[in-house]
Visitor: 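Take this structure first; my questions come after.
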Amino acid sequence: MSQSTPPTAERTPSVDQLTLEEKASLTSGADFWTTKPLPRLGVPSIMMTDGPHGLRKQQGASDHLGLAASVPATCFPPAVALGGAFDPELAERVGVALGVESAANDVAVILGPGINIKRSPLCGRNFEYFSEDPLVAGVMGAGLVRGIQSQGVGASLKHFAANNQEHDRLRVSADVDPRPLREIYLRGFERIVKHTQPWTVLCAYNRVNGVYASEDPWLLTRVLRDEWGFEGVVVSDWGAVNDRVAGLPAGLDLEMPASGGRTDAQLVEAVLRGHLDEAALDVAAERLLRLVDRAQSRPAASGIDADAHHALAREVAGRSIVLLKNEGDLLPLDRRAAIAVIGAFAEQPRYQGAGSSLINPTRLEAALPELRRLSEGEVSYSPGFSLDGSGDAGSLRDQAVAAAAASEVAVVFLGLPAEQESEGFDREHIDLPAEQLELLDAVLAVNARTVVVLSNGGVVAVPFADRVPAIVEGWLLGQAGGGATADVLFGLVNPSAKLTETIPLRLQDNPSFGNFPGEFGHVRYGEGLLVGYRWYDAKQLAVAFPFGHGLSYTTFDYGRPTATVESTDLVIEFDLTNTGDVGGREVAQVYVSVPGSQVQRAPRELKGFASVQLGAGETRRVRVVVPRDELAYWDVRVDRWVVEGGGYVVAVGSSSRDLRGEATVTIEGDKQLQRLSLNSSVGELMGDPVAGPIVQQALAELMGGASDGDQEVPTFDVGMEKMLASFPVGRLVGFPGLPVTLEQIEGLIGLANLGR
Ligand code: BGC
């Protein structure tokens with residue numbers, strides 16, 4: 001593919017110039033990673049490849065599970081870590097680097113970001129996803145897409161949609177009710193599509209409410225294109241096509257990888273037999289031509305500055321580390337201290353997960369040499385346990401314990417063995433290996449000044465949290481994670497990341513427990529809207545560390561927030577002060593509650609955040625704008641987003657459970673779209689701005705004990721009013737003692753409907 005040819009209208013053939021067979025051939029892959037060329041018309045083939053936290057371009061043998069080797073590329077922190085920065089600009093810088101590396105390798109589309117919601121901590125691919133919250137996933141994913149596409153390379157937003165587990169992933173139906181589907185599982189996709197127009201969307205393997213994502217006209221056309229305005233190409237996840245003849249008119253444009261011509265022939269035959277409208281094939285082929293054209297228009301690629309990208313990977317890793325606990329300011333470590341580094345992960349880092357996102361890094365930093373490089377004291381090392389089962393467990397432990405006893409501080413690197421988390425299967429529990437927990441106990445018994453550093457792609461239980469003074473959650477930090485860990489431990493970098501997912505006390509507390517991973521091809525999303533912190537808060541459950549939590553080596557003070565409506569947006573402002581004596585960064589979070597809501601709501605939902613760097617003692621006015629759309633819930637009666645009117649409580653804070661101030665603001669509701677009828681309830685009529693006051697007045701009169709001729713009027717009290725509220729208004733006509741006529745009620749409904 002030529003990289004420097006300028007785009008010209010003449011260069012791209014029009015779809016009318018293609019034969020039926022050529023159109024069919026253009027809409028499926030040539031091999032594992034490339035589309036088919038049309039040499040007769042000068043249409044080249046383009047390459048797409050993984051994603052999402054580095055480029056995985058395979059050279060020799062191809063597979064989609066990262067088995068065969070790929071070209072060296074910078075391995076940035078996977079989404080599990082990057083998300084914690086809560087900083088879309090940082091994500092955008094990573095995206096730019098991904099775009100540069102893709103372009104330099106002649107890759108037209110990189111398969112990422114993955115933004116699926118972490119419904120269960122057991123999902124084997126959670127390390128590839130950002131959060132249990134759709135705002136975080138959407139904002140961070142959008143940053144990556146913007147960065148990638150700024151380099152003339154396409155992103156592929158995946159996996160669309162409701163792909164929240166690996167178990168039976170190619171067949172299972174995610175059975176999700178409309179509100180959680182829209183408000184939790186689709187919301188991040190909606191944001192990214194509307195704000196960034198990814199060149200492609202990768203449709204998921206699974207079914208959504210019984211229909212394969214790869215052949216669902218509702219998902220791929222009505223929602224994605226008609227509602228959100230998607231203009232790009234829908235690509236199948238690798239092997240996701242169940243029935244291409246059904247998929248194509250539903251909105252699946254490109255089947256990947258190749259089907260060896262089998263499904264192309266099916267399309268041709270379906271058109272010839274009149275089972276498939278050729279116009280649908282024209283649309284898909286046209287989209288493919290545009291995608292190839294876009295890829296062709298990329299400016300000439302520059303070279304890759306591997307050092308600069310490695311430095312960026314280190315900076316991002318430093319921004320991704322979450323300081324969970326730091327009792328007595330044990331951290332940062334004194335550089336002159338005698339340190340016992342314990343745990344095999346210090347020397348053999350776990351820095352990415354397994355499967356299709358497996359990067360062949362340009363270099364790899366372990367924490368141990370980096371700690372030694374920065375230390376001015378003595379740093380001993382004992383593996384403590386073995387990652388491959390070799391060595392004698394008892395003597396490995398004894399040696400580590402002796403080293404801990406002889407040092408001022410012990411830094412223990414614990415984590416999940418690589419084979420426990422991968423694409424393709426889910427975890428069975430969230431526990432660290434028992435031998436690691438036993439090692440930690442033995443170390444604690446001889447040295448109370450112990451720091452735990454965790455390496456894990458999915459959440460792990462931390463039963464030691466009360467006994468260990470300092471805990472650093474390192475997730476999987478990419479190729480420069482070792483250096484970044486050393487930077488944080490010695491205080492060269494002040495940690496600032498926050499948890500994008502709750503760390504529960506027990507797996508059993510998780511909302512999906514009992515409904516994961518389903519059976520016989522179905523998984524029921526029984527927790528509905530209450531995913532992640534929404535559930536723990538609604539149930540008032542204790543957690544190990546809450547969503548949004550993350551400490552710093554300094555402290556921050558929040559001034560009293562104000563909440564106002566500017567044009568239509570909700571604007572929150574407050575002063576944020578760094579009250580400590582070192583510079584630091586705070587991710588200030590804005591949560592919204594709607595106390596009197598007429599629909600089910602979580603106690604609070606994240607609606608905005610700001611990552612703010614402050615020098616020691618510095619105060620800054622922080623302004624967070626929450627666009628009105630963010631306040632909407634999905635109204636199943638009218639099948640659209642609706643902003644409810646009323647009082648909204650806005651809380652700002654340092655985590656979902658460390659709220660520092662709140663303000664109340666009145667939001668004007670959307671115009672009601674549902675027309676009232678005789679079957680509407682008294683309560684619904686009372687909620688109407690026009691009819692409501694009239695009904696209230698009538699009730700007040702009744703409660704005042706008005707008499708109605710000869711008839712005895714029932715005594716109205718508040719309990720009675722509540723009971724009456726559920727009555728369809730039409731059924732009250734003629735009710736003994738109720739002086740209301742059909743004409744009066746119809747008049748009232750007519751008045752109310754004028755405003756609807
Ligand atoms: C994964 C995708 C990946 C594709 C290509 C699939 O198995 O689900 O995330 O992009 O393979 O490797």
Side-chain angles (χ1 to χ4, degrees), residues 28-35 46-71 73 75 78-80 98 102 105 107-118 123-130 137 141 144-145 148 153-172 174 188-189 192 198-208 212-214 232-242 252-259 352-360 421-426 457:
S28 77
D31 53 27
F32 225 90
W33 302 116
T34 61
T35 61
I46 60 168
M47 173 173 260
M48 11 189 105
T49 189
D50 287 297
H53 58 270
L55 185 71
R56 184 175 70 98
K57 180 181 176 184
Q58 292 183 311
Q59 271 173 327
S62 293
D63 63 76
H64 65 301
L65 288 175
L67 303 176
S70 50
V71 299
C75 178
V80 60
L98 294 176
S102 301
N105 280 286
V107 167
V109 173
I110 179 165
L111 303 176
I115 64 149
N116 296 94
I117 292 293
K118 301 189 198 208
C123 172
R125 260 183 125 166
N126 273 0
F127 62 85
E128 279 190 66
Y129 302 142
F130 287 103
L144 273 181
V145 174
I148 292 167
V153 170
S156 197
L157 186 61
K158 67 188 188 183
H159 308 87
F160 190 60
N163 178 190
N164 310 98
Q165 65 184 51
E166 292 299 281
H167 175 83
D168 203 15
R169 66 172 170 160
L170 280 94
R171 300 179 308 182
V172 73
F189 286 99
I192 298 177
W199 289 14
T200 70
V201 164
L202 198 80
C203 74
Y205 284 130
N206 51 284
R207 291 177 292 149
V208 182
Y212 278 104
S214 61
V233 166
V234 173
V235 185
S236 73
D237 197 350
W238 266 231
V241 174
N242 169 60
L252 172 69
D253 302 308
L254 174 65
E255 172 176 28
M256 286 302 288
S259 71
Q352 63 175 337
S356 64
S357 67
L358 194 83
I359 308 307
N360 174 16
E421 38 186 4
S422 165
E423 173 177 344
F425 58 89
D426 297 318

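Whatever order the structure lists ligands and atoms in, that order sets their numbers, starting from 1.
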Visitor: Does F32 have a heavy atom less than 4.0 Å from any atom of ligand 1?
Guide: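 Not so, F32 does not reach ligand 1.
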Visitor: Using distance alone, determine whether D50 and ligand 1 share an N or O pair under 3.5 Å.
Guide: yes
Visitor: Which atoms from ligand 1 have a heavy atom of K158 less than 4.0 Å away?
Guide: 2 (C), 3 (C), 9 (O), 10 (O)
Visitor: With no hydrogens and no angle check, just 3.5 Å: does a side-chain donor-acceptor pair link R125 and H159?
Guide: yes
Visitor: As an exercise, identify every atom of ligand 1 less than 4.0 angstrom from a heavy atom of W33.
Guide: 5 (C), 12 (O)
Visitor: So if I count the atoms of ligand 1 from 1 in the order they appear, which ones are less than 4.0 Å from some heavy atom of R56?
Guide: 12 (O)
Visitor: Any heavy atom of E423 sitting closer than 4.0 Å to ligand 1?
Guide: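 Checking ligand 1 against E423, which is what was asked, there is a heavy-atom contact under 4.0 Å.
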Visitor: Quick check: D237 and ligand 1, any N/O pair under 3.5 Å apart?
Guide: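 Right, the criterion is met.
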Visitor: With sequence neighbours left out, write down each residue that passes salt bridge (charged side-chain N to carboxylate O under 4.0 Å, His left out) with R207, or none if nothing qualifies.
Guide: none
Visitor: Within ligand 1, which atoms have a heavy atom of H159 less than 4.0 Å away?
Guide: 2 (C), 8 (O), 9 (O)
Visitor: First locate atom OG of S236, then atom CG of L252, and finally report the distance between them rounded to the nearest 0.5 Å.
Guide: 5.5 Å
Visitor: Could you check whether any side-chain heavy atom of L55 comes within less than 4.5 Å of a side-chain heavy atom of S102, counting everything from C-beta outward?
Guide: yes
Visitor: Give the atom numbers and elements of ligand 1 that come within less than 4.0 Å of a heavy atom of R169.
Guide: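 So the atoms of ligand 1 that pass are 7 (O), 8 (O).
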Visitor: Output the list of atoms in ligand 1 that are nearer than 4.0 Å to some heavy atom of S356, sorted by atom number.
Guide: 1 (C), 2 (C), 3 (C), 9 (O), 12 (O)
Visitor: To the nearest 0.5 angstrom, please state how far the CZ atom of R56 sits from the CG atom of N105.
Guide: 13.5 Å
Visitor: At a 4.0 Å cut-off, with the gap strictly under it, does some heavy atom of R125 reach an atom of ligand 1?
Guide: yes
Visitor: Does only the side chain of E128 get under 4.0 Å from ligand 1, or the backbone, or both, or neither? Count heavy atoms.
Guide: neither
